[in-house]
Amino acid sequence: MTGCGRGPGGLVVAPRLARSIGRRMHLSTYYSSSTHICRSQDGRAVEHGDAVEVHYVEQVQQGDEQVVVRNSRVPEEKPLQFIVDDGKVVKGLEELVVGMKVGDVRQAVVTPDKAYGERLSNMMAKLQKSQAPEGVKVGIQVGLQNGMTAVVTEEDEESFTIDANHPLAGRDVAYEVELLSMSPKERIHEAFFGGGCFWGVELKFQRVPGVLDTEVGYSNGHVDGVTYEDVCSGQTGHNEVVRVRYDEGTISFEDLVTRFFDFHDPTTLDRQGNDVGTQYRSGIYVTGEEQKQVAERVIEDLQPKFSGQIVTEVDMVDKYNSAEDYHQQYLEKGGRFGRPQSAAKNCTDPVRCYG
């Protein structure tokens, strides 16, 4: 088994339909002029490029009532972490936290054009029943071949209507945000690690205190802008990697490298378990000479603890690009079998590599 057949899991509709639905929109919000601010008195305010952790409540108006869509304070949710201006969350949340201090609370109501956008017709399509996978029915979510997800909204005698618009598209959205913590941009550094299928490696790094953000992608091949299929062909030379951004005030690069060697077997060449190929090689890809020297020193120190020769390559990161959306935080979101795995810091639950 090479692992190259991996996909987003669940029902997947035809590639032609997926191509007919527009690319995922970059959803952005901006806080409106009617913003309420509760300001604390001490500490540095958030700036662009800082990492933050926030509690937030997202609400929409439904009739005469405000309906809570998401509340990070409930037990099944968790605080939201992101780096300001990184584009991983809606733009309005990024802009909303700029200028806040730990303990501050801000509230904002945003309109559709500054929240999740209007509902777009090119994000909807008809799926002929003759081409529909078994089990398709109104109300379920389906995966598209382009990595997007859509909801089956209508059914007639011949077809289903598939809608890939965000559920809140076309709605005013109210936010309340509380700043819990902040890591200044001066302490944020990044490195790239390859240790087999990037799904499991990412989840393990997500659980490490001091890790602020993870992203899976492809690195250190010989062409630019590759896809998952390109990498699985074995022709591009890329490795499946996890980009790890961390707060150096909480965890050092040396500690990250040491943990990495607990996460995988660095003595198997181009292989981790049943995953075989150059894209599964052990590698540490660094952003500077200092990181490179640290990684090489850790390998030298750890070698006596392994019976086999460590074959981890250490090199400057090169030709990196992020992987498709459906690969990101794949196991935390449920994986192949729809069973989410905890990414909580210090979690010691066994990692199910494919979900």
Side-chain angles (χ1 to χ4, degrees), residues 22-61 66-74 77-120 123 148 164-190 206 211-215 243-247 249-250 322 325 328-329 343:
R23 288 184 172 273
R24 186 185 301 273
M25 301 296 292
H26 181 75
L27 304 175
S28 61
T29 68
Y30 299 85
Y31 60 88
S32 68
S33 56
S34 58
T35 300
H36 171 72
I37 302 177
C38 175
R39 170 62 54 79
S40 65
Q41 299 301 313
D42 301 316
R44 168 180 167 316
V46 173
E47 299 176 359
H48 295 276
D50 291 340
V52 298
E53 181 180 43
V54 301
H55 269 313
Y56 73 105
V57 180
E58 187 176 58
Q59 302 178 84
V60 295
Q61 193 74 25
Q66 284 274 77
V67 176
V68 175
V69 178
R70 178 161 291 175
N71 181 354
S72 67
R73 294 180 177 87
V74 300
E77 295 284 351
K78 65 178 182 178
L80 178 65
Q81 287 186 314
F82 60 93
I83 296 174
V84 180
D85 291 341
D86 193 42
K88 294 288 185 69
V89 301
V90 293
K91 186 65 175 177
L93 288 180
E94 292 184 320
E95 296 201 352
L96 190 57
V97 300
V98 172
M100 293 179 69
K101 297 181 180 180
V102 173
D104 285 358
V105 175
R106 282 184 175 176
Q107 298 172 340
V109 178
V110 299
T111 53
D113 60 309
K114 296 178 180 179
Y116 290 95
E118 301 292 348
R119 301 194 71 80
L120 302 176
M123 300 290 282
M148 297 173 63
N165 281 288
H166 190 281
L168 299 185
R171 307 287 296 272
D172 287 349
V173 183
Y175 288 102
E176 179 179 280
V177 179
E178 177 188 2
L179 182 63
L180 302 178
S181 65
M182 183 268 289
S183 296
K185 54 192 170 186
E186 296 81 9
R187 297 205 317 243
I188 300 174
H189 300 272
E190 67 179 12
Q206 285 179 274
V211 170
L212 303 171
D213 175 75
T214 60
E215 176 184 271
R243 182 182 72 176
V244 176
R245 285 188 285 190
Y246 59 99
D247 182 344
T250 303
S322 61
D325 284 348
Q328 306 299 331
Q329 294 82 52

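For the single chain, residues carry numbers from 1 onward in sequence order. Just so you know, these numbers use all the heavy atoms, side chains as well, and skip hydrogens, waters and symmetry mates. Everything quoted here is computed from the prediction, not taken from an experiment.
No side-chain donor-acceptor contact under 3.5 Å links K88 to the backbone of I83. Put simply, the side chain of D104 never gets that close to the backbone of L179: no donor and acceptor are under 3.5 Å apart. Checking side-chain atoms of E94 against main-chain N and O of G87 turns up a donor-acceptor pair under 3.5 Å. A distance-only check finds no donor-acceptor pair linking the side chain of R171 to the backbone of V60 [under 3.5 Å]. The closest donor-acceptor contact from the side chain of E77 to the backbone of H55 lies at 3.5 Å or more, if one exists at all. Looking only at distances, no side-chain donor or acceptor of E118 sits under 3.5 Å from a matching main-chain atom of P112.
With rounding to the nearest 0.5 angstrom, the OG1 atom of T214 is 4.0 Å from the CD atom of Q206. Atom CG of L96 is separated from atom NZ of K91 by 12.5 Å, given to the nearest 0.5 angstrom. Here E178 contributes atom CD and R106 contributes atom CZ; the two are 13.5 Å apart, rounded to the nearest 0.5 Å. Here CG of L120 is found 13.0 Å from NE2 of H166. Values are rounded to the nearest 0.5 Å. Distance check: R44 CZ to M182 CE gives 4.5 Å after rounding to the nearest 0.5 Å. Of the inter-residue distances, the one linking K185 atom NZ with D247 atom CG reads 14.5 Å to the nearest 0.5 angstrom.
Residues R245 and D86 meet the side-chain proximity criterion, which asks for heavy atoms closer than 4.5 Å. In this structure, the side chains of E53 and L212 stay at 4.5 Å or more apart for every pair of heavy atoms. Side-chain atoms of Y56 and V89, non-hydrogen and from C-beta on, never get closer than 4.5 Å to each other. Looking at Q61 and Q66, their side chains come closer than 4.5 Å, going by heavy atoms from C-beta outward. Counting only heavy atoms from C-beta outward, the side chains of D213 and F82 never approach each other to under 4.5 Å.
Between H189 and Y246, the two ring planes are tilted [angle within 30° to 60°].
Minimum heavy-atom separation, I188 to S183: CD1-O, 3.9 Å. What you find for A343 and K78 is that their closest heavy atoms are CB-NZ, 3.9 Å. Taking all atoms of both residues into account, the shortest heavy-atom contact from T111 to D172 is CA-OD1, 3.3 Å. Nearest heavy-atom pair, G49 versus D85, reported as atom, atom and distance to 0.1 Å: N-OD2, 4.2 Å.
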CA sep, side-chain torsions, deciding dist, call: E58, R70, salt bridge (charged side-chain N to carboxylate O under 4.0 Å, His left out): CA-CA 5 Å; E58 187 176 58; R70 178 161 291 175; 5.7 Å; no
Pair V84-E47, side-chain contact (heavy atoms from CB on, under 4.5 Å): steps then yes or no: CA-CA 8 Å; V84 180; E47 299 176 359; over 6 Å; no
Residue pair V54, L93: steps toward the side-chain contact (heavy atoms from CB on, under 4.5 Å) verdict: CA-CA 10 Å; V54 301; L93 288 180; over 6 Å; no
